[in-house]
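The shown structure was predicted, so the numbers you read here are calculated from the model rather than taken from an experiment. Just so you know, residue 1 is the first one in the sequence shown, and it goes up from there.
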Amino acid sequence: MTPLTLFGPWLDRWGLKADGQPFTTRFGNHLLPVLHQGAAAMLKVAVHEEERRGGELMAWWDGMGAAPVLARDGDGLLMERLTGPQSLSAMAQSGQDDEATRILCRTARALHRPRRQPAPRSLIPLADWFHALEPAASQHGGTFQKSATAAAFLLNTTRDPVVLHGDFHHDNVLDGGDRGWLVIDPKGLIGEAGFEYANLFRNPDVEIALAPGQLRRRAAIVVAETGLEMQRLLKWVLAYAGLGAAWSLSSGHDPQPGLAIAEAAARELAL
């Protein structure tokens, strides 16, 4: 368990009161439910550069499509705690996957709307995000190579770059009550909007993602909601699922779920 003392500087600085037990995410970031002026909030202390970058992006979104940031200082980020009762994962797992997919599409479109203020300078180009895929393709070929080929084509023909969340899926889009669905935990990338939707095809779990006809059904909804081209969307799914499998391989985890989704996209593309 994360020690409460770790949060001490920000608790004192912002006059916060602990409102639950501290916990650590699987990526090593530390969070504590708190009360800020009597209202529910979440204090996050980042330990990785991408989480600090994500905090900057959350502040830039300024509550438009994302959980509102109440304060930010160094590694500390104070956000409104989103306590709405609905869950997109639960919806997908209880026969409402079509509606969950539509909500995800509409939330992403809200994030991608143009803003007046310049985008954060810390954003990572999407091409840099895909560096892990080429070594896997060179070493293992097969589906990894199909994914790498799709990624190379997409990145070399990028269309209308936007600010990207970068880890957009069911559990990073939360019920914000009257304000609608709002994102948390962005990675902070910049690139083609089509990339943003690829991750939802791998979530909320592999059983749902690989259910018969699921990929095609979800793709049809995304195309209808966003106006994206079907072939290009499927290439993003192929590229990103392969990238996820490459990450799993390099970290000692099972790459097969990601490869299975990539291969499903390749079949839809007749590759």
Student: Is there a side-chain contact between L182 and L174, using heavy atoms and a 4.5 Å cut-off?
Tutor: no
Student: Does N156 reach the main-chain N or O of A152 with its side chain, forming a donor-acceptor pair under 3.5 Å?
Tutor: yes
Student: Is the shortest side-chain heavy-atom distance between V173 and L104 below 4.5 Å?
Tutor: yes
Student: To the nearest 0.5 Å, tell me how far M79 CE sits from R72 CZ.
Tutor: 12.0 Å
Student: Short question: side chain of R53, backbone of L123 - any donor-acceptor pair under 3.5 Å?
Tutor: no
Student: Going only through I, L, V, M, F, W and Y residues with side-chain contacts under 4.5 Å, is there a path from I190 to W61?
Tutor: yes
Student: The test is side-chain contact (heavy atoms from CB on, under 4.5 Å); show your working for F7 and L16 and say whether it passes.
Tutor: CA-CA 10 Å; F7 300 94; L16 308 175; over 6 Å; no
Student: Between W10 and D73 (side chain of the first, backbone of the second, donor and acceptor by atom type, cut-off under 3.5 Å), is there such a pair?
Tutor: yes
Student: Charged N to carboxylate O below 4.0 Å: is that the case for D97 and R217?
Tutor: no
Student: Quick check: do V183 and P186 have side-chain heavy atoms less than 4.5 Å from each other?
Tutor: no
Student: For a 4.5 angstrom cut-off between non-hydrogen side-chain atoms, does V222 reach T101?
Tutor: yes
Student: Rounded to the nearest 0.5 Å, how far does NZ of K17 lie from CG of L11?
Tutor: 12.0 Å
Student: Looking only at non-hydrogen atoms, find the nearest pair between D175 and Q86 and report the distance.
Tutor: OD2-N, 3.0 Å
Student: Within the distance-only criterion (no hydrogens, no angle test), does the side chain of D167 pair as donor or acceptor with the backbone N or O of N172 below 3.5 angstrom?
Tutor: no
Student: CD of E49 to OG of S122: how many Å apart, nearest 0.5 Å?
Tutor: 7.5 Å
Student: Taking CE in M64 as the centre, count heavy atoms belonging to other residues, nucleotides or ligands within less than 6.0 Å. Is the count above 12?
Tutor: no
Student: In this structure, are over 12 heavy atoms from other groups packed under 6.0 Å from D12 atom CG?
Tutor: yes
Student: Could you tell me whether R121 and E56 make a salt bridge, using a distance below 4.0 angstrom between a side-chain N and a carboxylate O?
Tutor: no
Student: Tell me which donor-acceptor pairs under 3.5 Å the side chains of residues 31-46 have, and how far apart each pair is, sequence neighbours excluded?
Tutor:
{"unit_1": "K44", "atom_1": "NZ", "unit_2": "E51", "atom_2": "OE1", "d": "2.7"}
{"unit_1": "K44", "atom_1": "NZ", "unit_2": "D185", "atom_2": "OD1", "d": "2.8"}

Student: State the CZ-CD distance between R109 and E196, to the nearest 0.5 angstrom.
Tutor: 13.5 Å
Student: Return the CG to CZ distance between L70 and R81, rounded to the nearest 0.5 Å.
Tutor: 11.5 Å
Student: Could you list who else is in W129's hydrophobic cluster, with ILVMFWY side chains joined at under 4.5 Å, directly or through other members?
Tutor: I124, L126, F130, L133, F144, F153, L154, L155, V162, L164, L189, F195, W236, Y240, L243, W247, L249, L259
Student: Roughly how far, to the nearest 0.5 Å, is CD of Q93 from CE of M91?
Tutor: 11.5 Å
Student: Could you tell me whether R13 atom CZ has more than 12 heavy atoms of other residues or ligands within 6.0 Å of it?
Tutor: yes
Student: If every non-hydrogen atom of A137 is compared with every non-hydrogen atom of A148, which pair is closest and at what distance?
Tutor: CB-CB, 3.7 Å
Student: Taking it one step at a time, do E268 and R216 satisfy side-chain contact (heavy atoms from CB on, under 4.5 Å)?
Tutor: CA-CA 8 Å; E268 292 295 325; R216 181 177 298 182; 3.1 Å; yes
Student: Taking everything shown except H48 itself, do over 12 heavy atoms lie less than 6.0 Å from its NE2?
Tutor: yes
Student: Are any side-chain N or O atoms of W60 and backbone N or O atoms of P118, one a donor and one an acceptor, separated by less than 3.5 Å?
Tutor: yes
Student: Are L215 and R267 side-chain neighbours, meaning at least one heavy-atom pair lies under 4.5 Å?
Tutor: no
Student: For the side chain to side chain contact (heavy atoms under 4.5 Å, CB included) test, which of I261, L200, L269 pairs with V237?
Tutor: I261
Student: Side-chain heavy atoms nearer than 4.5 Å, only ILVMFWY residues, links allowed to pass through others: does that put L238 and V206 together?
Tutor: yes
Student: Taking NZ, NE, NH1 and NH2 as the nitrogens, is one of them in K187 or E50 under 4.0 Å from a carboxylate oxygen of the other?
Tutor: yes
Student: Is there a continuous path of hydrophobic side-chain contacts, each under 4.5 Å between heavy atoms, that joins W181 to F168?
Tutor: yes
Student: For N29 and V47, indicate whether the former's side chain and the latter's backbone hold a donor-acceptor pair under 3.5 Å.
Tutor: yes
Student: Begin with the C-alpha distance, continue with both residues' side-chain angles, and end with the deciding distance and a verdict on side-chain contact (heavy atoms from CB on, under 4.5 Å) for T157 and R159.
Tutor: CA-CA 6 Å; T157 59; R159 300 177 179 178; 5.7 Å; no
Student: Hydrophobic clustering (ILVMFWY, side-chain heavy atoms < 4.5 Å, transitive) - are I221 and L111 grouped together?
Tutor: no
Student: Is a donor on one side and an acceptor on the other found under 3.5 Å between the side chain of D205 and the backbone of I208?
Tutor: yes
Student: Go through it in stages, so that I can follow the logic: the residues are R218 and Y197, the test is side-chain contact (heavy atoms from CB on, under 4.5 Å), and I'd like the CA-CA distance, side-chain angles, deciding distance and then a yes or no.
Tutor: CA-CA 10 Å; R218 282 179 165 179; Y197 302 91; over 6 Å; no
Student: Between P255 and H140, is any pair of side-chain heavy atoms under 4.5 Å apart?
Tutor: no
Student: Quick one: closest heavy-atom pair of H112 and V163, and the distance?
Tutor: CD2-O, 3.4 Å
